[in-house]
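Reviewing the structure listed below.
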Amino acid sequence: MGATISTSGIEQFRSDGFVVLRQFFGHEEILEIRSVFEDLYARKVGVKEGAQFDVLKPTDTNAMTLGQLTNPSNFSPALRKTAFAGKAQEIAKQILGPESFCSGDFVLMKPGLQGAATPWHQDQAYEKLNYDYDQLTLWLPLQDVDEKSGCMQFVPGTHVGPIKPHRSPNNDINAHSLECCYTPTPEEIVSAPMSLGDCSIHDGRVLHGSPSNRSSMTRYAYILVFRNPTAPPPTAAPYPWLKQRHDVVAERRDAWYRRGGFFVLLWRKFRRGEFSNFSRIRLTFREAVVRFQRR
């Protein structure tokens with residue numbers, strides 16, 4: 001498919017923790033992807049199983065201000081066969097190595113005029129275990145996006161060093177979202193406005209967020225997360241801020257599992273080919289063992 005990043009692009013990613021790629025994807029396919037997500041949100045697909053929720057107030061499934069649909073490719077498998085997905089995988093392999101894999105996808109929705117800001121955070125702060133591994137996130141806007149509509153913002157260089165302390169936004173332990181305890185100054189922040197066809201790639205440890213959506217158009221962003229198969233050491237432990245929150249989304253998902261959703265989950269993993277990927281099976285097993293030991 002010929003999706004490659006220039007040497008200078010990779011150097012910027014390594015140095016700053018992020019890079020913006022201009023006109024990397026076809027407009028027509030991006031608009032088709034957007035229409036898929038508009039339909040999934042309109043039909044409230046995944047709400048009962050904890051896949052669709054508001055990251056700031058997950059107890060309210062009606063009026064979303066920062067909606068997330070986790071693994072939309074579970075509900076629309078054709079998303080895995082798009083040219084976008086293929087190019088994204090090639091980019092990940094170029095940066096992370098040939099054994100890298102997609103660990104998940106999700107779509108974020110900020111409604112026009114009332115879409116909430118995404119708090120400053122580092123992606124790896126959400127992971128269950130604290131250990132070092134390489135991860136990148138490809139962020140694809142499904143329309144033009146600027147500071148008024150909620151473009152990505154980064155703090156260059158913050159991917160170096162340990163994960164910063166996080167907490168629940170506004171001290172609301174019911175929120176699924178996290179926010180970094182450190183708030184960057186305006187001088188530290190780099191905004192990344194993008195046109196349709198652009199995307200950004202950022203390291204799992206770089207500090208980033210996005211402003212509220214003050215435009216009249218709903219802002220959608222499709223996100224693919226890739227990582228290498230590095231397994232956690234036996235000393236890995238959960239982040240303390242994850243223990244302090246009330247995970248409403250996990251409770252909804254666990255209830256769905258008990259109603260038979262666990263078998264649906266296994267079928268989805270089989271359909272995605274996860275059971276034929278030895279590296280991923282080994283990683284999943286190792287993480288489960290370490291989490292059990294460190295509870």
Side-chain angles (χ1 to χ4, degrees), residues 12-21 51 53 55-56 58 66-72 88-89 91-92 95-96 100-110 116-141 150-169 175-184 188-192 194 199-211 221-230 232 236-243 245 247 249-250 283 287 291:
Q12 182 183 348
F13 175 83
R14 304 285 188 210
S15 174
D16 294 341
F18 72 95
V19 65
V20 176
L21 306 179
F53 53 89
V55 302
L56 295 176
L66 183 49
Q68 175 171 320
L69 177 57
T70 304
N71 292 323
Q89 182 69 72
I91 291 169
I95 296 176
L96 299 180
S100 62
F101 61 89
C102 182
S103 59
D105 64 322
F106 57 100
V107 57
L108 291 174
M109 181 272 292
K110 292 188 178 187
T118 303
W120 289 101
H121 67 282
Q122 294 165 292
D123 291 340
Q124 286 193 14
Y126 285 87
E127 298 300 325
K128 294 182 174 66
L129 294 171
N130 176 8
Y131 70 101
D132 291 333
Y133 61 91
D134 290 327
Q135 174 181 298
L136 66 79
T137 297
L138 192 150
W139 195 91
L140 178 75
C151 68
M152 288 288 280
Q153 295 182 319
F154 302 96
V155 180
T158 48
H159 61 304
V160 178
I163 299 299
K164 300 179 185 298
H166 283 63
R167 63 193 171 205
S168 296
H176 176 78
S177 181
L178 294 170
E179 69 174 355
C180 185
C181 296
Y182 171 76
T183 302
E188 294 177 291
I189 298 169
V190 174
S191 291
M194 288 181 256
C199 74
S200 65
I201 300 172
H202 65 265
D203 188 283
R205 291 176 291 269
V206 76
L207 188 62
H208 63 284
S210 64
Y222 187 29
I223 294 102
L224 296 182
V225 182
F226 295 89
R227 58 166 298 180
N228 64 20
T230 304
Y239 288 111
W241 47 82
L242 295 181
K243 294 182 177 181
R245 67 176 178 168
D247 199 335
V249 174
L283 175 64
E287 287 184 337
R291 284 202 302 270

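Of all heavy-atom pairs between Ala88 and Leu224, the closest is CB-CD1, 3.7 Å. When every heavy atom of Asp203 is checked against every heavy atom of Arg205, the shortest pair comes out as OD1-N, 2.8 Å. In plain terms, the two heavy atoms of Ala125 and Ile163 that are nearest each other are CB-CG2, 4.0 Å. The shortest heavy-atom contact between Ala92 and Leu136 is CA-CD2, 4.2 Å. The minimum heavy-atom distance between Asn71 and Gly104, with the atom names listed, is OD1-CA, 3.6 Å.
Note that the CH2 atom of Trp139 and the OH atom of Tyr222 stand 14.5 Å from one another [nearest 0.5 Å]. Separating the CG atom in Leu242 from the CG atom in Leu129 is a distance of 9.5 Å, to the nearest 0.5 Å. Between the OG atom in Ser200 and the CG atom in Leu138 there is a gap of 7.0 Å [rounded to 0.5 Å]. Atoms CG and CG, from Leu96 and Asp134 in turn, are 6.0 Å apart once rounded to the nearest 0.5 Å. Distance check, rounded to the nearest 0.5 Å: CZ of Arg227 to OH of Tyr133 gives 4.5 Å. Separation of atoms OG1 (Thr137) and CZ (Phe226) is listed at 9.5 Å; rounding is to 0.5 Å.
Counting only N and O atoms by type, the side chains of Glu179 and Ser177 include no donor and acceptor under 3.5 Å apart.
Residues His121 and Tyr126 meet the side-chain proximity criterion, which asks for heavy atoms closer than 4.5 Å. The closest side-chain heavy-atom distance from Trp120 to Ile189 is below 4.5 Å. Residues Ile91 and Leu21 form a side-chain contact, since some pair of their non-hydrogen atoms from C-beta on lies under 4.5 Å apart. Between Val206 and Asp16 there is no side-chain heavy-atom pair separated by less than 4.5 Å. Contact of the Leu56 side chain with the Pro119 side chain is registered, since non-hydrogen atoms from C-beta on lie closer than 4.5 Å.
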Residues His208, Phe18; criterion ring pair (Phe, Tyr, Trp, His ring centres under 6.0 Å); working and verdict: CA-CA 10 Å; His208 63 284; Phe18 72 95; 9.8 Å; no

What do the steps show when you test Val107 against Gln68 for side-chain contact (heavy atoms from CB on, under 4.5 Å), and what is the final call? CA-CA 6 Å; Val107 57; Gln68 175 171 320; over 6 Å; no

Residues 150-161, side-chain donor-acceptor partners within the protein, below 3.5 Å, at least two apart:
unit_1, atom_1, unit_2, atom_2, d
Gln153, NE2, Ser191, OG, 2.8
Thr158, OG1, Val155, O, 2.6
Thr158, OG1, Leu207, N, 2.8
His159, NE2, Arg14, O, 2.8

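Here salt bridge (charged side-chain N to carboxylate O under 4.0 Å, His left out) pairs that include residues 116-131, with residues two or more places apart or in two chains, number zero.
Screening Pro211, Pro169, Ser210 against Thr118 for a side-chain contact (heavy atoms from CB on, under 4.5 Å) leaves a single residue, Ser210.
Not one N or O on the side chain of Asn130 forms a donor-acceptor pair closer than 3.5 Å with the backbone of Pro238. For Gln122 (side chain) and Lys164 (main-chain N/O), a donor-acceptor pair under 3.5 Å exists by modelled atom type.
Using cut-offs of 30° and 60° for the angle between ring planes, the Tyr239 and Trp241 rings count as parallel.
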